[in-house]
Amino acid sequence: MKNFLALFLAGFILASCGESDDMAYQVQSPDSQIEVTFMTLGGKPAYSVSYKGKTQIDTSYLGFEFKDQQPLAGNLSVTKNQLSSADETWEMQWGEQREVRNQYNELRLTLQESEAPNRTFDLVFKAYNDGIGFRYEFPEQEAFPGEVVITEELSEFNLTGDHKVWWIPGDWDIYEYLYTESKFSKINAYDMFIEGDHLGQVKLNSNAVNTPVTMKSDDGIYLSFHEADLTDYAGMTLKVDTSSLSMVSELVGNDAGIKVKTKAPFVTPWRTIQIADRAGDLLESKLIVNLNDPNELGDITSWFKPMKYIGIWWDMHLNRRTWDYASGNHGATTEYTKELIDFAAKNDMGGVLVEGWNTGWETWTDPNMRDTIFDFTTSYPDYNLEYLAGYGAGKGVQIIMHHETSGAVARYEERMEPAYQLMNKLGIHSVKTGYVGTVIPDGEYHHGQWMVNHYQNTLNTGAKYQVAINMHEPIKATGLRRTYPNAISREGARGQEYNAWAGEGASPPSHLPTIAFTRMLSGPFDYTPGIFNLSLKPYKEDHPIKSTLALQLGLYVNIYSPIQMAADLIDYYKGNPAFQFILDVGVDWEQSKVLDGEPGDFLVTARQEKGTDDWFVGGMTDENARPYTLKLDFLEAGKTYTAKVYRDADDTHYLDNPTAIDIVEMEVTKSDEIPVNMKEAGGFAVSLIAK
Ligand code: NOJ
Ligand code: CA
């Protein structure tokens, strides 16, 4: 229900600015803390943003470059302005919380060139309590009669200080980097750029970072830059100017020099800036989903339900079994899958992911073969898909389909529909897709418009056949899960798999507390937590995971996804009392609260399970030990809970003794506190079951 009332009382200001002939237009967030100011300076469109009275984004210019046209960045004036507001509450079918309040004030400006070709567009700003978004909307017009080719978007973000930044390079193909924490002035994306024989094609155009990129100013303000509703457009990286402390959009293009090919009318994605003075507020922000269109798929919960799953997966990353059949040590056999289905059924897990079930894996990374090998409907001879789908269904467990495309995307487009039809016929309602390798067609990149449209096609085809999608090597999430709730999860960051085989060793302990405040702002992450055999022996020597067991449990709460893998080999779960937490923990939430945390350092999250009064808490820290007192004041008054606490023990050490864990049970109420001593690379998990 939209509420356009009372907004003029609530703090819209429309004022003329003394220092320029040009009028300034302003819009404030509903709580008046954030203010966006727009003006044209000598015909150039510019905006600034303040928070609690202090400028956070200084005068920043806006514009476009097009093929066969003059840049659109000057000679502009505002011909129309309009203020409005909305306050609605919508429900997430699955998510970090059930109800989301979408409350903002909007300023819509129509700009037009004063000289030929008199191009025009609307610039729309939405001011929320947790940040702002703006986008460009181009109507149909004579100046854009046919195809429009955008060669660059020029949206600037001019910072007011040399902030601390958590960043990854603005790679056009892959986000699977370790984050760097540095001053803005020290960002050098080339330092982190992976070149050479990496399986993904990699391209970095300039000193740019990928989004979400999170920053902290010297006076403690947190800012995160990203985009929302990336549809039929190119992904945006942010080119960094370390001397002027500013960033400008740099869209991902292709080798033909095209960034976006479109036709008027068209709109850009929202450019977003989340702003908070508490780090946890960035994580609780729902700005990105709010800036997306409402659900277009209707209720999908009859065929997709959040779930925990296991799989034939870690086996391959440990080199214990193989994806391919020819090795003689094939993982995806009917027999092994049955064993996993039985285990899943016994432990109330909804799914079993099976990788390596279809023919082609012998040559999946061979550049000369990978275009044609996978058809997604032909099983290896030792894998009986139909039988297993039925066997699982009889036990309430679904097979999770796996489609590794090897980057042969045009081929996948051809072969996708029969594969999704097959899934539908077999009652399989989710697929993990994958795009390892350079994109075919050659010259396209994972984060460009062509691929953005492909990822959207998978969602559309999925919707048609009741299939939910977990994309690996994806385009970043931009909140489209609101519109297409079958966009359940994705990778798009350095996941657990790197801990098995990365040449430089396992990810450092600061990786996850950094991911939590960067990548996680975009949406769910299929990180695949729950490795219990943290030394990885006997499968890998000298490649220990830099984590304690208690931290792995806490990830089920700290790193959100509606599908959560129990990623280890099932033998490590059998008989282990710590597995109880994975069995108990929720996967769908009534509400979520970030109790404490700091990017790169630590995080403590509490979530209430949807449909119950039970709460779950996760904690994790970086390489620094962190004694922590968990206050239970978020619990409901007057209720008693049985708390089961899984915390690092006195002798836990992430390298020498990572699986030592202290498990205690107690009765608690909201006035209680639980001491948890997080060890280096450690953490904790707590289940609070209402009595
Ligand atoms: C990369 C994915 O991230 C991983 O989970 C998968 O096992 C391999 N590709 C093979 O598809
Ligand atoms: Ca990957």
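Start at 1 and go down the list; that is how both ligands and their atoms are numbered.
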(Q) I'd like to know whether CG of Asp382 has more than 12 heavy-atom contacts from other residues, nucleotides or ligands below 6.0 angstrom. (A)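 Counting neighbours around CG of Asp382, more than 12 heavy atoms of other residues, nucleotides or ligands fall under 6.0 Å, so yes.
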Going by the atom numbers of ligand 1, which of them fall below 4.0 Å from some non-hydrogen atom of [X]?
| X | value |
| --- | --- |
| His472 | 2 (C), 3 (O), 5 (O) |
| Val436 | 1 (C), 9 (N) |
| Glu491 | 3 (O) |
| His402 | 11 (O) |
| Trp361 | 10 (C), 11 (O) |
| Glu497 | 1 (C), 2 (C), 3 (O), 4 (C), 5 (O) |

Q.
What protein heavy atom lies closest to atom 5 (O) of ligand 1? Include the residue and the distance to one decimal.
A.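 That would be Lys432 NZ, 2.6 Å.
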Q | Identity and distance of the protein heavy atom lying nearest atom 7 (O) of ligand 1 | A |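 Among all protein heavy atoms, the one nearest atom 7 (O) of ligand 1 is Glu355 OE1, 2.6 Å.
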Any chance the rings of [X] and [Y] have centres within less than 6.0 Å?
| X | Y | answer |
| --- | --- | --- |
| Tyr420 | Tyr465 | no |
| Phe376 | His403 | yes |
| Tyr177 | Phe193 | no |

Q | Side chains of Ile174 and Val202 in contact at under 4.5 Å (non-hydrogen atoms) | A |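 Heavy-atom side-chain distance check passes, below 4.5 Å.
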Q | Three-point angle Glu176:OE2, the Ca ion (ligand 2), Glu497:OE2, rounded to the nearest 10° | A |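 The two atoms subtend 120° at the Ca ion (ligand 2).
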Q | Vertex the Ca ion (ligand 2), arms to Glu491 OE1 and Glu473 OE2, rounded to 10° | A |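 That angle works out to 80° after rounding to 10°.
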Q. Has Glu473 got any heavy atom lying under 4.0 angstrom from an atom of ligand 1?
A.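 Heavy atoms of Glu473 do come under 4.0 Å of ligand 1.
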**Q.** Geometric N/O contact Glu404 with ligand 1, under 3.5 angstrom
**A.**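 Yes, there is a polar N/O contact under 3.5 Å.
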Q. Based purely on interatomic distance, does His317 place a nitrogen or oxygen under 3.5 Å from a nitrogen or oxygen of ligand 1?
A.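 So ligand 1 has an N or O lying under 3.5 Å from an N or O of His317.
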Q.
Is the terminal nitrogen or CZ of Lys476 (NZ for Lys, CZ for Arg) located under 6.0 angstrom from the six-membered ring centre of Tyr175 and within 45° of that ring's axis?
A.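 Relative to the ring axis of Tyr175, which defines the angle, Lys476 lies outside at least one limit.
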Q. Is Arg321 positioned over the aromatic face of Tyr336, cation under 6.0 angstrom from the ring centre and no more than 45 degrees off axis?
A.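 Yes - Arg321 lies over the ring of Tyr336, closer than 6.0 Å to its centre and within 45° of its axis.
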Q. What part of Trp314, side chain from CB on, backbone N/CA/C/O, both or neither, has a heavy atom under 4.0 Å from ligand 1?
A.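 Neither part.
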(Q) For a quick test of reading the model, state the closest non-hydrogen atom pair linking Ala477 to Arg490 and the distance between them. (A)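 That closest heavy-atom pairing would be CB-NE, 3.5 Å.
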Q.
Evaluate Phe374 against Trp361 for ring pair (Phe, Tyr, Trp, His ring centres under 6.0 Å), listing each step before the verdict.
A. CA-CA 8 Å; Phe374 289 127; Trp361 286 88; 5.1 Å; yes
